> 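My questions all concern the structure below.
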4 protein chains.
Amino acid sequence: MSPRPAARVEQLREERRRDVLSAARGVFARKGFVAAKISDIASAAGISHGLVHHYFPSKEALFAAVIEESVQGWEALIARARAMPITAWERLVYVCSIMGESSVVASEHLLIIVHASTGDDAPQTVREALDRLERLVCEPLSALIEEAQRTGEAAAGPPGELARAWMAVTQGLAISQALHPGRARPPIELVLRLLKA
Amino acid sequence: MSPRPAARVEQLREERRRDVLSAARGVFARKGFVAAKISDIASAAGISHGLVHHYFPSKEALFAAVIEESVQGWEALIARARAMPITAWERLVYVCSIMGESSVVASEHLLIIVHASTGDDAPQTVREALDRLERLVCEPLSALIEEAQRTGEAAAGPPGELARAWMAVTQGLAISQALHPGRARPPIELVLRLLKA
Amino acid sequence: MSPRPAARVEQLREERRRDVLSAARGVFARKGFVAAKISDIASAAGISHGLVHHYFPSKEALFAAVIEESVQGWEALIARARAMPITAWERLVYVCSIMGESSVVASEHLLIIVHASTGDDAPQTVREALDRLERLVCEPLSALIEEAQRTGEAAAGPPGELARAWMAVTQGLAISQALHPGRARPPIELVLRLLKA
Amino acid sequence: MSPRPAARVEQLREERRRDVLSAARGVFARKGFVAAKISDIASAAGISHGLVHHYFPSKEALFAAVIEESVQGWEALIARARAMPITAWERLVYVCSIMGESSVVASEHLLIIVHASTGDDAPQTVREALDRLERLVCEPLSALIEEAQRTGEAAAGPPGELARAWMAVTQGLAISQALHPGRARPPIELVLRLLKA
DNA sequence: TATGAATGAGCATTCATTCAT
DNA sequence: CATGAATGAATGCTCATTCAT
């Protein structure tokens with residue numbers, strides 16, 4: 001009979017929302033948008049399927065939220081790297097080491113981007129998020145590369161293309177990693193060869 | 001006045017089967033197994049949905065046939081490279097240039113492998129085909145790399161891991177390529193840096 | 001290059017029609033109307049499924065023809081019995097022995113009547129044929145029983161009801177017979193007990 | 001203000017399940033397995049077709065459940081008869097009177113057995129249930145007949161064959177009864193003549 | 001809030017029927 | 001006449017979404 005102030009209620013709601021989002025991330029990463037079932041996500045979150053719709057109005061909105069979360073994570077990573085008092089090349093190394101790390105969350109984020117990108121049926125909200133990804137990740141990355149080129153640490157070439165190639169390569173490796181979790185992960189040096197002078 | 005020579009009939013049937021397979025390849029590449037609709041494939045092939053089932057007993061069988069076709073294409077590519085009277089490194093360059101080429105078919109094959117690999121829902125037949133892919137593509141590639149390492153042309157490292165890393169990278173680039181067909185393709189040299197001594 | 005007179009052509013056509021009808025009888029008896037496939041019947045008749053429609057405009061018409069054939073067979077049996085120079089009771093014995101015989105055709109006719117009767121979806125043509133069966137088989141049978149009752153050979157009771165009961169019993173036994181062809185058939189005497197004085 | 005007691009929920013679910021089963025029994029009896037549509041059953045139960053699949057995973061499972069119910073009903077009838085403190089012959093009379101009674105349920109059970117037996121398309125589960133029927137109904141019936149033969153009340157003959165003949169006859173009469181519900185039912189005495197000494 | 005019963009749109013698959021060859 | 005490719009209506013089944021409790 002504790003009165004539970006509205007703030008506490010709101011906090012609980014937010015926590016539950018995160019649980020659902022987290023469960024959805026894993027299921028979408030493993031199955032893709034169409035094959036993922038709301039009931040799969042509900043099971044993974046330990047709630048009934050009906051309740052999912054209390055937190056997200058539709059499967060599409062839930063997917064968009066997951067994508068949004070991924071994009072924000074990437075943005076944050078880039079921002080962190082730029083804030084560090086290190087050389088441009090070291091920033092690139094840092095970004096590579098985080099993105100390539102075998103943590104479940106990192107793999108899931110990458111796989112979801114892959115699914116969202118390769119799927120034909122991504123809703124409009126998702127399309128916009130992916131466009132933001134392009135701007136918010138590739139452009140700063142591009143800038144980092146350009147900077148490292150000026151210091152002579154990075155290989156020559158159009159920075160935009162290099163950034164996109166590097167993203168593509170990272171995604172490919174993430175897929176491989178996600179599919180064979182037991183396998184040895186290619187060392188960061190391998191990926192960095194693409195960019196090194 | 002011959003009513004219809006059996007050979008000609010068989011040939012027509014085989015042609016139509018190929019049409020369906022080709023349409024299916026495109027649709028599966030764009031949407032993945034679950035999201036692809038039989039009616040999408042039928043439309044792409046210019047036939048009714050019912051007719052698809054004259055040529056392939058089920059969606060699953062059709063997908064398996066597409067995968068099979070991909071696997072065989074890859075096998076053939078590796079075999080061709082090995083038959084050429086060139087150095088081990090040149091063979092690697094040849095394989096890279098073909099697999100990375102922007103032809104629609106090459107991209108589709110790669111995307112389908114990605115979908116089949118990342119999707120949870122690939123049927124058993126497909127799983128087996130993917131296992132064959134591992135053996136039939138990675139192992140010969142591994143051998144090529146080992147050979148090039150002996151001649152000092154390729155970088156050091158476990159050949160098996162390098163082969164898988166290279167496959168992963170190639171798939172990543174193929175996805176990127178498929179999503180933005182207009183964009184400049186990263187030059188082969190970029191990818192070859194991963195392997196070059 | 002034999003000119004083949006029209007009469008011969010017509011005869012061949014009639015023969016083929018009989019083949020189809022015969023095949024259809026077997027398939028309908030085993031599967032019932034809905035579950036029977038035109039292609040099953042075509043296979044059984046050794047022709048292509050398309051050709052079935054040269055002889056019968058539709059599955060429904062084919063079923064009706066099979067029913068019609070059955071009804072006519074029953075009519076003929078009754079007529080034969082009535083034409084024989086024997087007592088009423090002996091006529092009943094004769095009819096029982098023929099209808100209860102384990103020949104494939106007899107069983108099939110009975111099973112088809114059962115399927116047609118128990119199915120909800122019999123077309124109008126079939127309904128009419130079944131009505132004719134009621135009139136053409138039960139009424140003469142009824143008359144036979146009445147006659148045998150007058151000679152004191154048959155048990156008392158409303159002849160119409162006895163006739164229908166006897167038909168029902170015969171059908172039940174035919175089903176049993178059709179399902180377990182190897183089993184000993186109940187002797188005619190058993191069935192005749194229903195009617196004997 | 002109790003939200004919803006779990007027991008009550010389970011009870012409601014069980015009731016609804018019974019409704020569906022009951023509707024299915026009627027539809028299967030009238031149409032047979034193949035011709036019966038899930039939507040027919042849903043309409044008969046007053047629910048949507050989708051909901052049928054909440055209670056039974058497939059049409060086949062639903063049919064199997066109906067058969068199972070029939071088989072259990074027959075078992076119970078035989079068991080009741082054997083438990084009564086009456087002579088063997090009176091037990092036979094009791095079983096006949098119940099099985100031959102014109103209640104809708106009894107007819108439906110018999111018709112379903114007929115459909116399941118005569119149809120080629122009964123699933124494996126059903127085949128097994130029918131085998132059980134053979135054992136669980138014919139054998140005890142056989143024993144009853146043998147007992148009645150020893151007391152001189154039943155006619156001579158192999159009890160197993162008599163039991164099967166009697167089953168066949170009863171099914172035949174049930175079909176007839178189901179098709180013409182308005183008609184006078186043949187008196188039990190008629191059927192018992194088959195067995196009476 | 002939380003549950004799961006209920007609905008119905010959507011998809012894979014089957015099959016009677018048509019028709020070009 | 002004969003074949004089988006082609007069509008599309010019909011059916012079982014799935015699952016996102018709604019809603020009564």
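Naming convention: chains lettered A, B, ... in sequence-line order (proteins, then strands); numbering from 1 in each chain. Quick caveat: nothing in here was measured; it's all calculated off a predicted structure.
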> Heavy-atom distance under 4.5 Å between the side chains of B:L21 and B:F56, does that happen here?
yes
> Main chain of D:A42, side chain of D:K37: is a donor-acceptor contact present, judged purely on distance under 3.5 Å?
no
> Counting any heavy atom closer than 4.0 Å, what does B:A42 reach on the DNA or RNA strands: base, sugar-phosphate only, or nothing?
nothing
> Can you measure B:K59 atom NZ to E:dT14 atom C1' for me and round it to whole angstrom units?
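To the nearest whole Å, that distance equals 17 Å.
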> E:dA16 C1' sits how many Å from C:K31 NZ, rounded?
15 Å
> Once you round it to whole Å, what is the distance between C1' of F:dC13 and CG of D:L62?
13 Å
> For C:G50 and for B:K37, locate the closest nucleotide of DNA chain E by heavy-atom distance; then report the residue assigned to the nucleotide nearer the 5' terminus.
B:K37
> Hey, is the main chain of B:F33 close enough, under 3.5 Å, to the side chain of B:K59 for a donor-acceptor pair?
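Checking the backbone N and O of B:F33 against the side chain of B:K59, a donor-acceptor pair under 3.5 Å is found.
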> Base, sugar-phosphate, or nothing for B:L12, non-hydrogen atoms under 4.0 angstrom?
nothing
> Between D:R13 and E:dA5, is there a side-chain N or O to OP1/OP2 distance below 4.0 Å?
yes
> Considering only side-chain heavy atoms of C:H54, which listed nucleotide, F:dT3, F:dT7, F:dT14, is closest?
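Nearest to the side-chain atoms of C:H54, counting from C-beta on, is F:dT3.
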> Categorize A:R16 for me: base, sugar-phosphate, or nothing, with a 4.0 angstrom heavy-atom threshold over every strand shown.
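Counting heavy atoms under 4.0 Å across all strands, the contact made by A:R16 is with sugar-phosphate only.
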> From C-beta outward on B:H53, which listed nucleotide comes closest to its side chain: E:dT13, F:dA5, E:dA6?
E:dT13
> For the residue pair A:F28 and A:F63, does the interplanar ring angle fall in the parallel (under 30°), tilted (30 to 60°) or perpendicular (over 60°) class?
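Perpendicular.
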> Quick check on DNA chain F: between A:S58 and C:I47, whose nearest nucleotide comes earlier from the 5' end?
C:I47
> Tell me: CD of D:E14 to C1' of E:dA5, nearest whole Å?
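That distance rounds to 15 Å.
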> So does D:H49 reach the base of E:dA6 with its side chain, donor to acceptor, closer than 3.5 Å?
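Not at all, since no donor on one side and acceptor on the other fall under 3.5 Å apart.
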> Touch check for D:I38, heavy atoms < 4.0 angstrom, all strands: base, sugar-phosphate only, or nothing?
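Sugar-phosphate: the residue D:I38, judged by heavy atoms under 4.0 Å, touches backbone atoms but no base.
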> What nucleic acid atoms does A:Y55 come within less than 4.0 Å of, heavy atoms only: base, sugar-phosphate, or nothing?
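Counting heavy atoms under 4.0 Å across all strands, the contact made by A:Y55 is with sugar-phosphate only.
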> Got C:R13 and C:R17 here, is their nearest side-chain heavy-atom distance under 4.5 Å?
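In short, these two side chains do not touch, never coming nearer than 4.5 Å.
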> Rounding to a whole Å, what distance do you find between D:I41:CD1 and F:dG12:C1'?
11 Å
> Donor-acceptor check, side chain of B:S43 to backbone of B:S39, threshold 3.5 angstrom: yes or no?
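Here the side-chain-to-backbone pair exists.
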> With both distances under 3.5 angstrom, what nucleotide forms a Watson-Crick or G-U wobble pair with E:dT21?
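Pair assignment: E:dT21 / F:dA2.
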> Whole angstroms only, please: what is the CZ-P distance between D:R17 and E:dA6?
14 Å
> Determine the contact category for D:A61: base if any of its heavy atoms lies under 4.0 Å from a base atom, sugar-phosphate if only primed atoms, P, OP1 or OP2 are that close, otherwise nothing.
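D:A61: no heavy atom of the nucleic acid under 4.0 Å.
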> Starting at CZ of D:F56 and ending at P of F:dG12, how long is that distance when rounded to a whole Å?
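So the two atoms are 16 Å apart, to the nearest Å.
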> Using whole Å, report how far CG of B:D40 lies from C1' of E:dC11.
11 Å
> Of all the choices, F:dA16, F:dT3, E:dT17, which nucleotide is nearest to the side chain of C:S48 once you look at every atom?
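For C:S48, the side-chain atoms sit closest to F:dT3.
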> I want to confirm an ordering. Mapping B:S39 and B:L51 to their closest nucleotides on DNA chain E, which one lands closer to the 5' end?
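This one resolves to B:S39.
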